[in-house]
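Since the structure comes first, as structure tokens, the remarks are kept for the end.
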Amino acid sequence: MELQLRPTLFWDIDVKSIDLEKHRASVIERVTSRGRLDEFRDVLNYYGRDLVKETLLQVRHLDKVTLAFCSTFFDAPISDFRCYKLAQLNPEHWNY
């Protein structure tokens, strides 16, 4: 099975130059954060659920909605995600 990447997800690089194994973390993070649900399923099928979960646990940044989705989908506490821990070290200004 070959993973088809949508060029609009990778606007900053040529999709044909992406090595799916070497750039695995970037592909998983970008598709999870900005891709559609069917693209996320394709990534799960290509890399396997466990590898995707472990990769997302180590990603440095996920937006709040994506983090909540990943936490629920993989049944992992939000506090296990590296991006959550990093966000706690750099608190944002209060939103009045």
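Please read these numbers as outputs of a predicted model, since none were measured by experiment.
A salt bridge links R36 to D38: one of the charged nitrogens lies within less than 4.0 Å of a carboxylate oxygen.
Note: I78 CD1 to D80 CG = 10.0 Å, rounded to the nearest 0.5 Å. Between L86 atom CG and F81 atom CZ the span is 13.0 Å, to the nearest 0.5 Å. The NZ atom of K85 sits 8.5 Å away from the CG atom of L57 when rounded to the nearest 0.5 Å. Taking SG of C83 as the start and CD of Q88 as the end, the distance is 10.0 Å to the nearest 0.5 Å.
In the hydrophobic clustering of ILVMFWY residues, with side-chain heavy atoms under 4.5 Å counting as a link, V15 and L3 come out together.
Contact of the V43 side chain with the T32 side chain is not registered, since no non-hydrogen atoms from C-beta on lie closer than 4.5 Å.
Partners of E21 according to the side-chain contact (heavy atoms from CB on, under 4.5 Å) rule, which considers only residues two or more places apart in sequence or in another chain, are D19, R24, Y46, Y47. Judged as a side-chain contact (heavy atoms from CB on, under 4.5 Å), and not counting sequence neighbours, the contacts of R34 are L9, W11, R30.
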>> As a quick check of understanding, evaluate side chain to side chain contact (heavy atoms under 4.5 Å, CB included) for L37 and R41, giving each step before the final call.
In response: CA-CA 6 Å; L37 188 57; R41 286 188 193 121; 3.2 Å; yes
> So V31 and D42, side chain to side chain contact (heavy atoms under 4.5 Å, CB included) or not? Walk me through it.
Replying inline: CA-CA 10 Å; V31 170; D42 291 343; over 6 Å; no
Output side-chain donor-acceptor pairs under 3.5 Å for residues 60-76, partner residues at least two apart or in another chain, one line each.
residue	atom	partner	partner atom	Å
D63	OD1	V65	N	3.2
D63	OD1	T66	N	3.0
D63	OD1	T66	OG1	3.1
D63	OD2	T66	OG1	2.7
S71	OG	A76	O	2.5
T72	OG1	A68	O	3.0

